[in-house]
Amino acid sequence: MSNGKNGQRLDEQSANLGTRDTPSGRPSAGRYVPPHMRNRSTETKDTSSSNTSTDQRSGDRNRDGGNSWASDDNSWGKEDDRQDRRDYRRDDRRDDARSNRNDTYSSEAAEDVSPLQNRRPNGWHNRNGSTSAIGWDSGKRTTRNEQWGGSRSDLIFSTSHNRSGGWSDRASSQTDRWNSARSRNSAYGSYSNRGIDEFGRKDEGYGSWSVDGTHIIAAKNSRLERDLFGCPDDPDRQHTGINFEKYDDIPVEASGNNVPQCVEAFTNPPLDAHLLTNIDLARYTTPTPVQKYSIPIVASGRDLMACAQTGSGKTGGFLFPILSELFKHGPPSTPPEPAGYSRGMARTRKAYPSGLILAPTRELASQIYEEARKFAYRSWVRPCVVYGGADIYGQLRNLERGCDLLTATPGRLVDLIERGRVSLSLIRYLVLDEADRMLDMGFEPQIRRIVEGEDMPDVHQRQTLMFSATFPRDIQILARDFLKDYVFLSVGRVGSTSENITQKIEYVEDEDKRSVLLDILHSQPETERGLTLIFVETKRMADMLSAFLIQHNFPATSIHGDRSQKERERALDSFRSARTTIMVATAVAARGLDIPNVTHVINFDLPTDIDDYVHRIGRTGRAGNVGLSTAFFNRGNKGIVKYLIDLLKEANQEIPSWLETVAREAAVPAGRPYKGRGGGRGQNRDYRKFGGSSERGGQGSAGNE
DNA sequence: AAAAAAG
């Protein structure tokens with residue numbers, strides 16, 4: 001691939017676009033005529049906008065003053081174009097400097113800890129010193145571990161000890177485990193004083209678990225409630241994006257041994273009553289298809305592999321049943337902190353979460369955490385989030401205040417485990433979100449380390465749930481290591497791209513991409529405040545393209561891994577709130593992000609992995625709503641053409657005839673078929689049922705385990 | 001080949 005050369009060409013092209021050639025330095029978007037429109041007579045592209053109308057529109061855009069959008073938080077677009085644009089550029093630089101500085105001090109997570117609430121113990125140990133009542137001697141042992149810095153072998157030793165103590169006998173059913181948890185709980189009473197700070201005040205919004213094993217729900221807190229759930233009148237905060245009428249059309253396929261009967265509503269018998277009040281506050285009325293199944297599956301103690309697009313209620317699919325079980329059964333029995341540990345060493349208190357959710361990007365982790373906060377409201381369960389790029393001390397402080405449900409990205413979690421600030425020994429629920437990404441080459445070693453190489457209970461002592469929009473067969477096989485007798489759930493079409501996304505493929509050479517993009521953006525009606533998400537392959541291209549769009553008066557921002565976390569968050573926030581209606585993104589934004597109102601996804605560069613394509617276009621057309629996807633295709637993308645055509649067929653999309661031609665040309669390029677995934681089919685079906693050819697040795701093909 | 005995830 002002539003990528004470097006390519007980039008140069010694009011630079012030159014941008015210089016020739018008239019963006020820098022006017023003496024005033026004024027971008028001349030209005031006069032720009034796309035080269036491919038001048039040189040080429042016909043293209044497969046939409047010809048609805050002629051050159052003149054394009055010019056007219058962008059001219060108006062410059063003048064009418066109504067476009068007072070901002071790039072990130074810079075507002076501009078007033079009367080004097082020239083002055084404004086200069087100011088803007090300066091502002092942008094200043095702003096970058098400011099944000100870089102910001103990155104060095106506290107994150108939001110740190111800020112929402114009021115200094116007054118910065119109380120000492122969170123109840124992991126009680127102050128009367130009655131901790132000694134813990135029957136067995138692991139207390140001492142764990143203490144020693146701590147003093148020795150918790151070396152690996154010690155951790156493993158104490159884990160096995162924890163397991164036999166805390167979870168009682170291995171053969172016992174889950175209820176037995178919970179019961180033993182409850183009866184032991186009073187022994188150290190760790191959760192009974194959690195709702196109270198050291199001044200005796202209520203720590204608002206959090207409940208507790210009483211000594212005699214009942215759930216104490218905290219008082220309502222209207223300020224927090226507004227913060228979490230929004231005002232009822234504010235349409236922005238309403239939960240939108242779920243098209244309920246379409247729900248029943250979505251097919252669901254469940255396979256595995258003894259699949260539990262699905263539920264049809266949010267009701268008390270399976271779900272905890274307090275969770276229902278929170279679900280109600282969030283204005284969820286009906287379970288989505290994935291929730292209908294995941295609720296009874298998790299409640300009955302089963303593992304789950306779920307294939308469902310995000311926005312189909314995936315997050316609720318694991319949060320609801322997990323929180324419900326935690327509410328019902330209370331905190332674990334094992335003493336999270338041994339007696340006599342507090343003197344002089346209080347700062348190194350460890351968090352012992354009961355649930356762990358792993359996500360592949362920081363933004364996704366943060367999004368899951370925000371949901372967890374909603375549904376854990378007023379309960380004894382404290383959600384926490386940790387991820388890189390943000391101030392670790394704020395995260396540590398939050399962990400110290402108690403952490404029962406931890407959402408994390410792998411790197412930072414490993415860091416915290418190494419620092420001895422998080423223990424996984426009491427994990428009952430493990431969730432891998434975007435599991436196929438978590439188990440692919442880049443992540444698998446870290447995941448294996450967290451799940452198998454630290455102190456996490458083994459597969460039989462925890463419940464493991466995996467969610468993703470795509471589940472390639474080889475990933476399913478890999479995932480067996482982390483699951484036991486799981487139920488496989490497939491929601492939506494087998495190809496997983498639903499028909500409510502209109503997918504257009506256009507043939508565009510690399511050097512024409514920018515001008516075609518401008519045409520598309522210009523021809524979008526400005527009245528609809530829909531968001532446009534543009535995917536590129538490289539971080540560099542993300543920067544270049546967003547700068548290019550800004551030069552052409554489009555409200556654009558960008559998100560990619562080379563931007564600071566502050567910048568990433570700000571870009572996403574600005575996009576979410578429609579202050580910036582265009583976002584250029586790398587793969588970082590491809591998965592899981594739930595951004596309502598993305599009406600158009602543009603694959604400026606197509607990914608080399610068809611699964612990434614599926615995830616990317618899944619940012620639009622969420623939960624039964626319609627969306628549009630446009631992809632720029634050229635010969636460089638012929639590697640995915642076969643899978644792309646299969647996908648389009650499955651989703652009943654129009655297939656341009658030239659695409660079929662490319663497919664024939666590209667047929668069997670004598671290399672290995674795509675990632676060795678057998679024929680590319682069976683992507684989202686239970687491999688145990690639809691096994692297929694190259695089953696690797698050991699396990700038989702179907703149905704066992 | 002690139003991106004993501006720890007500094």
Side-chain angles (χ1 to χ4, degrees), chain A residues 1-7 100 103-105 107 356-368 385-396 399 406-422 432-451 453-454 468 475 510 533-545 558-569 571-572 584-593 603-613 615-616 634-640 671 674-675:
Chain A
M1 289 241 271
S2 59
N3 248 347
K5 219 178 135 195
N6 204 4
N100 281 340
D103 284 335
T104 61
Y105 46 85
S107 68
L356 174 66
I357 300 158
L358 292 172
T361 67
R362 298 164 183 174
E363 284 75 15
L364 185 53
S366 161
Q367 177 183 299
I368 295 165
V385 66
V386 298
Y387 51 78
D391 172 32
I392 198 169
Y393 298 104
Q395 293 177 358
L396 286 172
L399 288 174
L406 179 61
T407 306
T409 51
R412 180 57 63 91
L413 178 61
V414 168
D415 185 354
L416 290 167
I417 292 171
E418 281 173 354
R419 291 174 188 231
R421 307 300 292 263
V422 172
L432 299 189
D433 201 5
E434 305 301 336
D436 65 334
R437 162 64 84 236
M438 302 304 276
L439 294 177
D440 83 4
M441 293 195 323
F443 272 119
E444 197 221 352
Q446 280 183 89
I447 301 304
R448 230 172 243 288
R449 157 146 195 213
I450 291 167
V451 179
E454 301 292 338
S468 179
I475 299 288
D510 284 347
L533 186 53
I534 303 172
F535 283 105
V536 295
E537 270 301 89
T538 64
K539 296 181 268 204
R540 182 163 171 267
M541 181 58 91
D543 280 337
M544 280 164 44
L545 194 58
S558 71
I559 187 166
H560 61 74
D562 273 357
R563 302 197 79 188
S564 74
Q565 192 55 28
K566 260 277 163 12
E567 288 172 323
R568 284 166 59 162
E569 278 160 20
L572 186 58
V584 184
T586 59
V588 69
R591 286 164 179 265
L593 291 188
N603 273 287
F604 189 87
D605 301 317
L606 273 164
T608 50
D609 186 328
I610 194 69
D611 288 341
D612 287 337
Y613 174 81
H615 282 272
R616 287 178 181 190
N634 61 43
R635 286 192 158 66
N637 306 116
K638 61 176 190 249
I640 59 163
Y674 167 70
K675 277 199 173 179

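Protein chains get the first letters and strands the later ones, always in sequence-line order, with residue 1 at the start of each.
If you take CG of A:Asp440 and C1' of B:dA2, they are 12 Å apart, rounded to a whole angstrom. When rounded to the nearest whole Å, the span between CZ of A:Phe604 and P of B:dA2 equals 17 Å. Whole-Å rounding puts the A:Asp612 CG to B:dA4 P distance at 12 Å. Between the P atom of B:dA4 and the CG atom of A:Asp609 lies a distance of 15 Å, rounded to the nearest Å. When the P atom of B:dA3 is taken as reference, atom CE of A:Met541 falls 11 Å away, rounded to whole Å. Here B:dA4 presents its P atom at 20 Å from CG of A:Leu413, a figure rounded to the nearest Å. Here the C1' atom of nucleotide B:dA2 and the CD1 atom of A:Ile559 are 17 Å apart, to the nearest Å. Going from atom CZ of A:Arg437 over to atom P of B:dA5 covers 10 Å, rounded to whole Å.
The side-chain contact (heavy atoms from CB on, under 4.5 Å) test applied to A:Glu363 returns A:Thr361, A:Ile559, A:Gln565, A:Arg568, A:Leu572, A:Val588, A:Leu593, not counting sequence neighbours.
Scanning atom types as modelled, no donor and acceptor separated by under 3.5 angstrom connect the side chain of A:Thr608 and the base of B:dA2.
Applying the 6.0 Å contact sphere to CZ of A:Arg635 captures no more than 12 heavy atoms from other residues, nucleotides or ligands.
Closest to the A:Glu418 side chain, of the nucleotides B:dA5, B:dA6, B:dA2, is B:dA6.
Side-chain contact between A:Phe535 and A:Pro607: absent, with no pair of heavy atoms (C-beta onward) separated by less than 4.5 Å.
Proximity of A:Arg362 to the phosphate of B:dA6: a side-chain N or O atom is located under 4.0 Å from OP1 or OP2. OP1 and OP2 of B:dA4 both lie 4.0 Å or more from every side-chain N or O belonging to A:Thr409. At B:dA5, one or more side-chain N or O atoms of A:Arg568 fall inside 4.0 Å of OP1 or OP2 (strictly under the cut-off).
Looking at A:Asp609 and A:Arg437, no side-chain N of the basic residue comes within less than 4.0 Å of a carboxylate O on the acidic one, giving no salt bridge. With respect to A:Arg419 and A:Asp415, a salt bridge is recorded, a charged nitrogen being found less than 4.0 Å from a carboxylate O.
Within the nucleic acid shown, A:Gly561 comes within 4.0 Å of sugar-phosphate atoms alone, with no base atom in reach, counting heavy atoms only.
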